[in-house]
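One structure is given below, encoded as structure tokens.
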Amino acid sequence: MNLETPRTTELPKSYEPKSIEGKWYPFWELERFFVADARSTKPVFSIVIPPPNVTGSLHMGHMLVYTLHDIVVRWRRMQGFNTLWLPGTDHAGIGTQYVVERQLAAEGKSRQDLGREAFEKRVWEWKEQSGSTILKQLRLLGGSCDWTRERFTLDEGLSRAVREVFVRLYNEGLIYRGKRLINWCVRCRTALSDLEVKSDPVQGKLYSIRYPVKGSSEFITVATTRPETMLGDTAVAFNPRDQRYLSMRDKTLVLPLLHREIPLIEDEFVDPEFGTGLVKVTPAHDPNDFDMGMRHQLQMISVMDEDGRMTPEAGRFQGLERFECRREVVRELQTQGLLEKVEDHLHNVGHCDRCRTIIEPRISIQWFVKTKPLAEPAIAAVEDGRVRFVPENWAKTYFEWMRNIKDWCISRQLWWGHRIPAWYCDQCGEIIVAREAPQACSQCGSSSLTQETDVLDTWFSSGLWPFSSMGWPEATEDIKVFYPTSLLITAFDILFFWVARMIMLGMKFMGDVPFHIVYIHSLVRDAEGQKMSKSKGNVIDPLQVMEQYGTDAVRFTLAIMAAPGTDISLSHEKMLSHRAFANKIWNATRFVLMNQDHPTRRASAIVSISTLQQELVCRKSELSLVDRWILSRLANVIKETQISLESFRFHEATHCLYHFFWHELCDWYLEFLKPRILDSTGLENHQLSFRVLHFVFDQALKLLHPFMPFITEELWQRLPHEGVSLAIAPFPVSREEFIDPGAEKGVATLEDVIVKIRNVRAEMNIEPSRKIDVNLASSDPAIVPILEDGSIHIRNLARCAQVNIMNSLKNLEHSARRVALGVEIEIPLVGLIDFEAERAKLEKEIARAEKEILQIQQKLSNPNFLSGAPESVVQSNRERLIVATDKFHKLRESLSRL
RNA sequence: GGGCGGUUAGCUCAGAUGGCUAGAGCGCAUGCUCGACACGCAUGAGGUCGCAGGUUCAAUUCCUGCACCGCCCACCA
């Protein structure tokens, strides 16, 4: 037990986040509170970070996902779990390479100028220089990661895991090398997976081209958006159900410009309704055509190279850039009278996800993962609930994709990444796939081997993250203890890229799911609901707003807005109001601190919290109504917080705590207590009340700590406390003994009575300093003792001189009457207000209202006004009339009561 | 073309398995230098819960259709 004597340090009147945020993180880290223990016997809670791009810096999306991580992790840690939050970064192959290439471009250089080795060195340097930025920022926001376990996807250990997986999948035939049509980015000069292609609408043209029929003067017409690809055509197709072309089925066509003979084929794929019902088939440059080419054993002619320039196959168009070639082809066709028509055509075109260049479907030799066999167990794992999605409708999206999964192109012609562990024998061409570089060819024994130059898709290594980060393929302690992880928190946009692949690879190599729950968080948008982007200039920088409003306020804002399934429209107003909440916490606690030093209250600080709680349970009968009430409310709030957190309803947990702290604890409980606290005579029961107060604040700060770690730690350390840090203090547990519906109902009645009296005071303009008498009556025998008990509070909070509790009201003239929850209220007004003056005031206002009504009515009955004035003006006058009439009636009512 | 989500106060949004006087923050109005807090306190105004049907004793909540907005996937050349 570590108890400190209360401090009397003067605290600033308003909360200054900067003055305290800096000191706690180093303390937590130094004390190793966040380090998980593989040998602990406590129940385990583990989570791995979605590794950010190593060269990235914190944006609001990160801030949200890390805040949610930290809330869950801190909560579980306080609950006594052996908690691991494993941090790290991703090498982000194409992304990082693109960034460094742009840097080089600014120096007027290309990666080819440097050469592979020098380029890789350059990227590593960049990584060393900027690689820890985002992790430093993660500390700033309070992320309670276990830094002793930090990993990087290109670490030696993780690279070993990558090679191990590659070799095993290859040996099982689940990785193969093949010549396929893939998505090619001519700028990045690499293959991409289907997921890395984003299709955007482009305003293009649809060209109708005539293909002459061999041995006749006839021709047929095909339509295309990409005339340059016709140079690679190896057939024209129609649907066999299409009667129009059946008679032509055996004809041969002559490809314009190149005069190559191509067949007319029949294929179900062709839609007879579109265009002429005839499709040119270019197997080497279109996915659908590729499939047709495979079905009909068509020749595949590549007319474009890896830079998007025309190959020798394109005849005299060789060397032209692809769009230049398009113009040339069109012009040539036109000259020859083969261009029938050109129409505007809006269609979707694939773009490189990274650099936005238009994708070129291209045939090349690449490495693929055969995904179907991996997908099956991964689908089953979600079907039978071993992996659960929150919100659960995401499972549908997951199934949809997984059930239609296509093979995954994993090779990239990049230099930054895991080099594929395959070697080619220069002698016999044998392919050797191995964990380490082989000495000699397994086939011919030649020692002249060349390693594959391609690297792997970044997501290949990310897909192993939950176990590679824990030391796999070694059978480490960490894997035994922390795998499968408890939870994954991530955004929906990497559901396929990452989540699906982790499930597939986890099932395959660990024989178990990588996590039990996938929580899909929402997108952070700006106040207008727009996506944040640099070009729109609506980006909110987390570091800047953390500075401006305090980290805790920003965290709290994100959490309270994180309703599952809806996007977050982040605004400065929201963060401002939660900064105010932090300030409220600060000042309420400051109030307690300012008053705890009185000798009669010291006693409350001498016991531990658990002892104090037990004492309050035992002495419940001695507690006052409001003490029993706040303890009951606290117990219910703990329960609600618990339930909300268990179901990832962060917005509910935060709402509940916000309301409890501000509107119950501060607005009512502290106000109820003030007279006692300020009374320094030191009566025994005051001391008990103070113990309740102390207990409630301890619990409230603990409840808030996962959301607002800095301010709560600071204040808790200043209060008498047990333990060295809130970070490892026990999370409150709801005690049934404190739940007291009677007290809750009683205080609700008191509050309502007080509100109704204030209501009258405000309406009648009774000066705040003027004390009034009230008569209260209730037919409910249970309420009478509550009123008697609470009359002191009614006097204090409604500023009453006398509170008379009676069987029935006196029915006084010149009084105001109200009904609260089961209580009738009567307030004598004689002597309180100057009836004459009050009446005169009201009559004057009534006259003014009448005049206004008359004026508007006159206007509205004037046909000239109605026809001449703009509709908006007429409408606003109608509205004004309604308002004025309403006001008039209210004033009349008040007058009649006087 | 298929799928998902949204439509509730002036604004931004909560309202899980149907029943509360439909809530919060900001904003607005009025009044408060009441010994924690003006980043505050008190009081108040403001809602046909997108539209049309249906189920039910009861629908903001469940079902069907429609309208508008946003997103994802697949794409017809």
Side-chain angles (χ1 to χ4, degrees), chain A residues 11 13-15 194-195 199 206-208 222-226 229 236-237 269-282 286-289 292 345 347-348 350 391 393-394 396-397 399-401 404 492-493 495-496 522-523 525-531 549-550 553 557 560-561 563-574 576-595 643-644 647 649 651-652 654-655 658-659 662-663 666-667 670-671 674 677-678 754-755 758-763 765-769 796-799 883 886-887:
Chain A
L11 296 179
K13 218 172 142 178
S14 54
Y15 175 51
D194 296 342
L195 287 174
S199 77
L206 186 63
Y207 303 86
S208 294
V222 299
T224 179
T225 53
R226 307 186 54 206
T229 63
V236 168
F269 166 78
V270 183
D271 176 6
E273 305 296 314
F274 189 90
T276 55
L278 289 162
V279 179
K280 62 189 267 310
V281 184
T282 322
D286 181 279
N288 291 314
D289 294 5
M292 270 194 276
H345 187 68
H347 61 139
N348 286 325
N393 56 290
W394 284 106
K396 203 169 171 175
T397 309
F399 287 137
E400 186 62 23
W401 190 73
N404 297 297
F492 65 84
D493 56 347
L495 185 61
F496 308 140
S522 30
L523 221 62
R525 298 170 175 278
D526 75 358
E528 274 74 51
Q530 300 285 310
K531 216 167 179 169
Y549 304 107
T557 303
I560 206 165
M561 300 194 68
T566 47
D567 288 343
I568 294 175
S569 296
L570 189 65
S571 67
H572 288 276
E573 291 75 42
K574 288 270 166 52
L576 207 61
S577 78
H578 295 112
R579 184 187 70 171
F581 180 51
N583 191 53
K584 190 74 183 176
I585 297 171
W586 181 259
N587 276 296
T589 313
R590 197 163 70 98
F591 179 62
V592 175
L593 287 167
M594 283 168 75
N595 289 289
I643 291 168
S644 300
S647 49
R649 303 180 71 82
H651 68 300
E652 271 182 11
T654 40
H655 259 293
Y658 180 93
H659 185 263
W662 198 318
H663 299 302
C666 292
D667 286 354
L670 287 185
E671 294 302 326
K674 249 181 196 171
I677 287 177
L678 300 174
I754 291 164
V755 166
R758 285 169 171 171
N759 186 324
V760 169
R761 299 188 63 122
E763 234 173 74
N765 288 321
I766 300 170
E767 288 169 56
S769 57
N796 288 329
L797 300 187
R799 294 177 169 263
V883 172
D886 191 50
K887 189 178 167 191

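Each chain gets a letter, A, B and so on, in the order its sequence line appears, and its residues count up from 1.
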Pairing nucleotide - [N], Watson-Crick or G-U, each distance under 3.5 Å:
{"N": "B:A52", "result": "B:U64"}
{"N": "B:G10", "result": "B:C26"}
{"N": "B:G1", "result": "B:C73"}
{"N": "B:C37", "result": "none"}
{"N": "B:A45", "result": "none"}
{"N": "B:U21", "result": "none"}

Quiz item: Start at the 5' end of RNA chain B and walk down; is the nucleotide closest to A:F274 or to A:M561 reached first?
Solution: A:M561
Exercise. By nearest nucleotide on RNA chain B, pick out whichever of A:P564 and A:L195 is the more 5' one.
Key: A:P564
[X] side chain N/O closer than 4.0 Å to the phosphate oxygens (OP1, OP2) of [N]?
{"X": "A:K574", "N": "B:U12", "result": "no"}
{"X": "A:R758", "N": "B:G44", "result": "no"}
{"X": "A:K13", "N": "B:A38", "result": "yes"}
{"X": "A:W662", "N": "B:C41", "result": "yes"}
{"X": "A:H663", "N": "B:G25", "result": "yes"}
{"X": "A:H345", "N": "B:A77", "result": "yes"}
{"X": "A:S569", "N": "B:C13", "result": "yes"}
{"X": "A:T566", "N": "B:C13", "result": "no"}
{"X": "A:N587", "N": "B:G40", "result": "no"}
{"X": "A:H578", "N": "B:G25", "result": "no"}

Hey, does [X] reach any base, or is it just sugar-phosphate, or nothing, if we go heavy atoms under 4.0 Å?
{"X": "A:S769", "value": "nothing"}
{"X": "A:F269", "value": "base"}
{"X": "A:V281", "value": "nothing"}
{"X": "A:A762", "value": "sugar-phosphate"}
{"X": "A:S14", "value": "base"}
{"X": "A:G275", "value": "nothing"}
{"X": "A:R761", "value": "nothing"}

Rounded distance in Å between the [atom1] positions of [N] and [M]:
{"N": "B:G31", "M": "B:G18", "atom1": "P", "answer": "47 Å"}
{"N": "B:A29", "M": "B:C13", "atom1": "P", "answer": "24 Å"}
{"N": "B:U33", "M": "B:A38", "atom1": "C1'", "answer": "9 Å"}
{"N": "B:U17", "M": "B:A59", "atom1": "P", "answer": "16 Å"}
{"N": "B:A16", "M": "B:U60", "atom1": "P", "answer": "13 Å"}
{"N": "B:C41", "M": "B:A22", "atom1": "C1'", "answer": "26 Å"}
{"N": "B:G3", "M": "B:A9", "atom1": "C1'", "answer": "33 Å"}
{"N": "B:C34", "M": "B:U43", "atom1": "C1'", "answer": "16 Å"}

Atom-pair distance ([atom1] on [X]; [atom2] on [N]), nearest Å:
{"X": "A:H655", "N": "B:A24", "atom1": "NE2", "atom2": "C1'", "value": "5 Å"}
{"X": "A:I560", "N": "B:G23", "atom1": "CD1", "atom2": "C1'", "value": "13 Å"}
{"X": "A:H572", "N": "B:G27", "atom1": "NE2", "atom2": "C1'", "value": "17 Å"}
{"X": "A:L576", "N": "B:C11", "atom1": "CG", "atom2": "C1'", "value": "15 Å"}
{"X": "A:I568", "N": "B:G5", "atom1": "CD1", "atom2": "P", "value": "19 Å"}
{"X": "A:E400", "N": "B:G1", "atom1": "CD", "atom2": "P", "value": "17 Å"}

Value rounded to 0.5 Å, distance of [atom1] in [X] from [atom2] in [Y]:
{"X": "A:R226", "Y": "A:H347", "atom1": "CZ", "atom2": "NE2", "result": "9.0 Å"}
{"X": "A:H578", "Y": "A:E573", "atom1": "NE2", "atom2": "CD", "result": "12.0 Å"}
{"X": "A:D493", "Y": "A:L195", "atom1": "CG", "atom2": "CG", "result": "11.5 Å"}
{"X": "A:S647", "Y": "A:E652", "atom1": "OG", "atom2": "CD", "result": "6.5 Å"}

Quiz prompt | From CA spacing to verdict: side-chain hydrogen bond (donor to acceptor under 3.5 Å, both in side chains), A:Y207, A:H345 | solution = CA-CA 9 Å; A:Y207 303 86; A:H345 187 68; over 6 Å; no
Quiz item: Side chain of A:K584, base of B:C37: donor and acceptor closer than 3.5 Å?
Solution: yes
Quiz item: Is there a donor and acceptor pair closer than 3.5 Å between the side chain of A:E671 and the base of B:A36?
Solution: yes
Side chain proximity check, [X] to [Y], heavy atoms < 4.5 angstrom:
{"X": "A:W586", "Y": "A:L11", "value": "yes"}
{"X": "A:T557", "Y": "A:R579", "value": "no"}
{"X": "A:Y549", "Y": "A:H572", "value": "yes"}
{"X": "A:K574", "Y": "A:I560", "value": "no"}

Side chain of [X]: nearest nucleotide among [options]?
{"X": "A:R649", "options": "B:A77, B:A36, B:A16", "answer": "B:A16"}
{"X": "A:A580", "options": "B:C71, B:G40, B:U12", "answer": "B:G40"}
{"X": "A:M594", "options": "B:U43, B:A36, B:C73", "answer": "B:A36"}
{"X": "A:L670", "options": "B:A24, B:U43, B:A36", "answer": "B:A36"}
{"X": "A:H651", "options": "B:A36, B:A14, B:G25", "answer": "B:A14"}
{"X": "A:N583", "options": "B:C37, B:A77, B:C13", "answer": "B:C37"}
{"X": "A:Y658", "options": "B:G25, B:A42, B:U43", "answer": "B:G25"}

Quiz item: Which of parallel (below 30°), tilted (30 to 60°) and perpendicular (above 60°) describes A:W401 and A:F496?
Solution: parallel
